[in-house]
2 protein chains.
Amino acid sequence: MLDNYILVVDDESRMRKLIKDFLAQKGYSILEAEDGERALEVFEENKNKINLILLDVMMPKLDGWSVLRQIRQESKVPIIMLTARGEEQDELFGFELGVDEYISKPFSPKILVARVEAILKRTNQDQKQVKEYGGIEIDKEGRTVKVDGKVIELSLREYELLTYLVENENIALSRDKILNNVWNYDYYGDSRTIDSHIKKIRHKLGKRGKYIKTMRGVGYKFEVK
Amino acid sequence: MLDNYILVVDDESRMRKLIKDFLAQKGYSILEAEDGERALEVFEENKNKINLILLDVMMPKLDGWSVLRQIRQESKVPIIMLTARGEEQDELFGFELGVDEYISKPFSPKILVARVEAILKRTNQDQKQVKEYGGIEIDKEGRTVKVDGKVIELSLREYELLTYLVENENIALSRDKILNNVWNYDYYGDSRTIDSHIKKIRHKLGKRGKYIKTMRGVGYKFEVK
DNA sequence: AAATATTATATATAATAGATATATAAATTT
DNA sequence: AAATTTATATATCTATTATATATAATATTT
């Protein structure tokens with residue numbers, strides 16, 4: 001079974017239930033939110049584990065576009081917008097702003113599942129596949145890491161930190177960003193803590209440890225080269 | 001073989017009689033229901049012996065889709081939907097929700113029997129297999145577990161928990177997921193309960209108990225290695 | 001100007017105390 | 001009996017600290 005988390009945001013509970021049922025049956029774990037404000041809360045609390053968001057456009061309090069914009073400030077999580085027919089005007093708008101896909105209501109479950117799967121695959125969020133980065137294999141389902149074919153034991157934080165770096169391959173990550181993403185919400189600890197974990201990970205990765213590059217004055221970057 | 005019970009749900013008595021005759025001739029035992037509500041009652045009373053359900057879509061009181069959904073809450077019994085032509089729209093819908101097969105009316109007896117047999121065969125085979133995982137044999141039909149050839153006694157929860165882990169071999173399962181799958185959906189118990197059962201299972205599995213790995217900070221994982 | 005030395009700052013490393021998660025056994029409830 | 005809860009022990013992880021080392025910028029000497 002996979003362990004992809006999908007956040008479903010819609011004000012109609014019937015629609016949420018419907019989507020939930022389809023996706024749950026396909027093995028996805030579902031989180032729900034009944035309006036835009038709640039969506040942001042749920043996202044904030046679970047941002048590390050959410051792999052995709054299904055976002056209704058028309059909602060009370062805070063509409064889908066506003067939610068989209070706010071989430072895009074800090075995250076690249078794939079977002080599928082659920083639109084009613086006749087909202088095509090807005091579509092172009094949304095595409096520019098970082099919408100990954102549209103589904104117009106009413107839709108068939110087949111369409112829904114197909115789009116969800118396509119996007120997860122495309123954005124490489126699919127937990128199911130084992131990915132390889134220059135001798136480092138990461139199996140997200142099994143939560144195991146192999147280096148040159150041999151399993152290495154990583155603690156929870158080490159695993160989270162490594163996968164975060166790896167998922168952001170070739171991107172220099174500031175300590176702040178790392179703290180906000182690997183540690184929970186506002187963590188006021190010493191940022192030397194990161195260094196400490198980096199050291200241990202590098203050691204466990206052996207010669208592959210050099211893929212974690214120090215970006216002096218900034219943070220770290222994972223780069224296979 | 002000759003003890004397969006099939007529940008036929010259709011509001012037209014002519015249709016029920018027709019189906020009943022075909023299938024009885026092939027040696028199946030038939031239970032009948034003339035509407036959705038009655039279907040649920042009959043199912044409730046005989047759920048352990050019903051091997052397959054033939055379910056008409058259009059019925060008074062409670063339609064086929066509603067019956068399907070309710071039964072799927074608690075059972076994986078194979079269900080064949082009987083649809084009138086022109087209901088193709090809904091088909092996709094149902095497939096995702098756990099329909100095993102469709103037969104559109106009018107149908108030939110040959111089609112009917114062929115589909116019924118195919119499905120019974122398919123679902124029986126799945127159940128019948130005794131699977132082996134590194135010295136641990138699981139016989140789902142017999143609900144027994146052997147370790148290195150010797151039967152071990154497991155309580156209900158222990159059996160359910162072990163088979164859940166084993167069926168998700170090599171996948172790290174969170175306590176939440178385990179609770180949601182092995183216990184009821186809304187079980188608010190202490191998650192130390194899981195540990196307690198894990199301990200007992202490990203003990204009963206003897207040296208094979210080490211296949212249940214502790215994923216610190218996450219949960220457990222079954223892994224033969 | 002080039003080479004070297006100084007200084008300031010950032011990161012690496014190792015050791016340790018404190019926090020947390022799990023194992024285990026025993027008690028309680030169902 | 002079985003399932004769950006509770007209490008305690010144990011193992012493991014995490015954050016912090018202190019110190020060493022690396023690096024970059026600047027100043028000094030050749």
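Keep in mind that this is a model prediction, so the values were computed, not measured.
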### Message
At under 4.0 Å between heavy atoms, how does the protein contact nucleotides 25-30 of chain C? Give one character per nucleotide, 5' to 3', with B, S or -.
### Response
S-----

## Note on the structure
Letter by letter from the 5' end, nucleotides 21-27 of chain D scores (B base, S sugar-phosphate only, - none; protein heavy atoms under 4.0 Å) -BBS---

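Atom P of nucleotide D/dA1 and atom CG of B/L154 are separated by 16 Å, given to the nearest angstrom. For B/L161 and D/dT4, the CG to C1' distance is 14 Å, given to the nearest whole Å. Rounding to whole angstrom units, CZ of residue A/R192 and C1' of D/dT14 are separated by 16 Å. Nucleotide D/dA2 holds its P atom 16 Å from the OH atom of B/Y159, rounded to whole Å. Rounded to whole Å, atom P of D/dA9 lies 18 Å from atom CG of B/D195. Summarising the geometry, the separation between CD1 on B/I194 and P on D/dT5 is reported as 11 Å, rounded to the nearest angstrom. For the pair B/K204 NZ and C/dT24 P, the computed distance is 16 Å after rounding to whole Å. If you measure from atom CD of B/E160 to atom P of D/dT4, you get 12 Å, rounded to the nearest angstrom.
We find that A/K131 and A/E169 are not joined by a salt bridge, their nearest charged nitrogen and carboxylate oxygen being 4.0 Å or further apart. The pair A/E137-A/K150 does not meet the salt-bridge criterion, since no charged nitrogen lies less than 4.0 angstrom from a carboxylate oxygen. The pair B/E158-B/K204 counts as a salt bridge, with a side-chain nitrogen and a carboxylate oxygen less than 4.0 angstrom apart. For the pair A/K17 and A/D21, the salt-bridge criterion is met [side-chain N within less than 4.0 Å of a carboxylate O]. We find that A/K47 and A/E74 are joined by a salt bridge, their nearest charged nitrogen and carboxylate oxygen being less than 4.0 Å apart. A salt bridge links A/R38 with A/E41; the closest basic N to acidic carboxylate O contact falls under 4.0 Å.
Between A/M215 and B/T214, the residue anchored nearer the 5' end of DNA chain C, judged by the nucleotide with its closest heavy atom, is A/M215.
Here the side chain of B/Y211 pairs a donor or acceptor atom with the backbone of B/G134 at under 3.5 angstrom.
With 3.5 Å as the limit, one finds a donor-acceptor pair spanning the side chains of B/R202 and B/T214.
Within 4.0 Å (heavy atoms only), B/Y220 reaches sugar-phosphate atoms of the nucleic acid but no base atom. Nucleic acid contact for A/L156: sugar-phosphate only, since backbone atoms but no base atoms lie under 4.0 Å from a heavy atom of the residue.
In terms of heavy-atom proximity, A/R72 sits nearest to A/D100 at NH2-OD2, 3.0 Å.
Listed pair A/W183 / D/dT14 fails the phosphate criterion, with no side-chain N or O lying under 4.0 Å from OP1 or OP2.
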